[in-house]
Amino acid sequence: MMAWIDTLAGAAHRAGFAWQARREVARLRRAGGEAALTLAGAIEAALGDEADAAAAAWMRRIEALRAALQASDAEVSFCDYGAGTRRLAPGGAASFREVTRRVRAVCRSSAPPHEARVLFHLVRRFAPARCLELGTCLGVSAAYQAAALALNGRGRLVTLEGGAALARLAERHLEGLGLRNVEVVTGRFAETLPGVLAAHGPFGYVFIDGHHDPAALRAYVHGLTPHLADEAVLVFDDLFWTTGMRRAWRAVAADAGIGTTADLLAFGVCLYRRAA
């Protein structure tokens, strides 16, 4: 029964995404301008599943990895720093509990194929040199982005993961795919992000897919802004996690530095341009 429910939910999610994505492509094309048209082209390519032979080969390999993970009964234990796991310890200090999950269950939180293709085509078309991901999980979305960088012939991805066991699995998966243009950094974002920003910025592309909390999202964007390239792509996932996440996304999208946006329901894209 659960498999049928998951299948129906996945189909509904894909249908909603496709409907909204087509609306956004039409809006972006009406708006015109190089950045809007590039963004529209990336979304359209993902919708049409456009890929040359080399890109298609990468996607097949990554989806084979996803299929193996979705079938895995192996268990992984890690400290989950994401929304929904934080508790307040005596005195108000934040504490986080250790969780044990089957790999197949953890894999459900990876970007689904239709969203992962958007990430791939964004990286391909905007061709950033320095990329950042918050929330590695098992490395599926990182693989899509790193594969796009490999096909671009330039660029590197730094991806942050709070759970040490998940980070080790992601490293193993990325190495197995032959993707060596990725660095996995382990630890709480609050502890690792400042050093990563100082050492690896400025970033032309950032994918935020972790710690699904409105205040955290706004804080990350505020902290990221000084470390962005003059033009950068910002991608946000799980905007339906809470109503607060949607409000936080709208606030970010309304920022003066954001010129073009695409609202893909649970998935949002902003094009940032630094003021002269």
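Numbers for residues simply follow the sequence, beginning at 1.
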- List the steps, then state whether salt bridge (charged side-chain N to carboxylate O under 4.0 Å, His left out) holds for R246 with D263. CA-CA 10 Å; R246 291 295 295 177; D263 186 342; 2.8 Å; yes
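- Between the CG atom in L69 and the CZ atom in R102 there is a gap of 14.5 Å [rounded to 0.5 Å].
- Of the possible donor and acceptor atoms, none in the side chain of D209 sits under 3.5 Å from a partner among the backbone N and O of D237.
- Under the salt bridge (charged side-chain N to carboxylate O under 4.0 Å, His left out) criterion, R274 pairs with D230, not counting sequence neighbours.
- Taking the salt bridge (charged side-chain N to carboxylate O under 4.0 Å, His left out) definition, one finds that E191 meets it with nothing, sequence neighbours left out.
- With sequence neighbours excluded, no residue forms a side-chain contact (heavy atoms from CB on, under 4.5 Å) with A251.
- A chain of hydrophobic side-chain contacts below 4.5 Å, direct or via other Ile, Leu, Val, Met, Phe, Trp or Tyr residues, connects L65 to L151.
- Every residue meeting the salt bridge (charged side-chain N to carboxylate O under 4.0 Å, His left out) condition with R27, not counting sequence neighbours, appears here in chain and number order: E24.
- The distance from the OG1 atom of T136 to the CD atom of E183 is 10.5 Å, given to the nearest 0.5 Å.
- Judged as a side-chain hydrogen bond (donor to acceptor under 3.5 Å, both in side chains), and not counting sequence neighbours, E171 has no contacts.
- Residues meeting the side-chain hydrogen bond (donor to acceptor under 3.5 Å, both in side chains) test with E161, sequence neighbours left out: none.
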- Task: Might you work through the side-chain contact (heavy atoms from CB on, under 4.5 Å) test for F203 and C131, ending with a clear yes or no?
- Result: CA-CA 6 Å; F203 292 97; C131 303; 5.5 Å; no
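- No option in I208, L160, V196 other than L160 meets the side-chain contact (heavy atoms from CB on, under 4.5 Å) test with F189.
- Between S110 atom OG and E115 atom CD the span is 11.0 Å, to the nearest 0.5 Å.
- Closest non-hydrogen pair, A248 versus R218, comes out as CB-NH1, 3.6 Å.
- Proximity of L193 to Y220: side-chain heavy atoms (C-beta onward) are separated by under 4.5 Å at one or more points.
- Under the 4.5 Å side-chain criterion, counting only non-hydrogen atoms from C-beta, W249 is in contact with C270.
- Considering only residues two or more places apart in sequence or on other chains, R66 meets the side-chain hydrogen bond (donor to acceptor under 3.5 Å, both in side chains) condition with E63.
- You'll find the side chain of V123 reaches within 4.5 Å of the side chain of L149, heavy atoms only.
- Considering CD1 of I62 and NE2 of H173, their distance stands at 13.0 Å, rounded to 0.5 Å.
- Taking the side-chain hydrogen bond (donor to acceptor under 3.5 Å, both in side chains) definition, one finds that D73 meets it with R104, sequence neighbours left out.
- Applying the salt bridge (charged side-chain N to carboxylate O under 4.0 Å, His left out) definition to pairs two or more places apart or across chains, none involves residues 126-136.
- Every residue two or more places apart in sequence or in another chain that forms a side-chain contact (heavy atoms from CB on, under 4.5 Å) with T38 is listed here: E34, R125, F126.
- Considering only heavy atoms from C-beta on, P112 stays 4.5 Å or farther from R14 through its side chain.
- Residues L37 and Y272 are members of separate hydrophobic clusters, defined by side-chain heavy-atom contacts under 4.5 angstrom among Ile, Leu, Val, Met, Phe, Trp and Tyr.
- The closest side-chain heavy-atom distance from T159 to L134 is not below 4.5 Å.
- Sorted by first and then second residue, the ring pair (Phe, Tyr, Trp, His ring centres under 6.0 Å) pairs involving residues 16-59 (not counting sequence neighbours) are F17-H114.
- Counting only heavy atoms from C-beta outward, the side chains of V233 and V206 never approach each other to under 4.5 Å.
- Between the CG atom of L228 and the CG atom of L234 there is a distance of 5.5 Å, given to the nearest 0.5 Å.
- Counting heavy atoms from C-beta outward, L271 and T261 have side chains that stay 4.5 Å or more apart.
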- Task: Apply side-chain contact (heavy atoms from CB on, under 4.5 Å) to the pair L169 and V106, showing each step before the final yes or no.
- Result: CA-CA 12 Å; L169 286 174; V106 176; over 6 Å; no
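- At distances below 3.5 Å, not a single donor-acceptor pair connects side-chain atoms of E231 with backbone N or O atoms of G204.
- When the salt bridge (charged side-chain N to carboxylate O under 4.0 Å, His left out) test is applied to R29, the partners found at least two apart in sequence or on another chain are E44.
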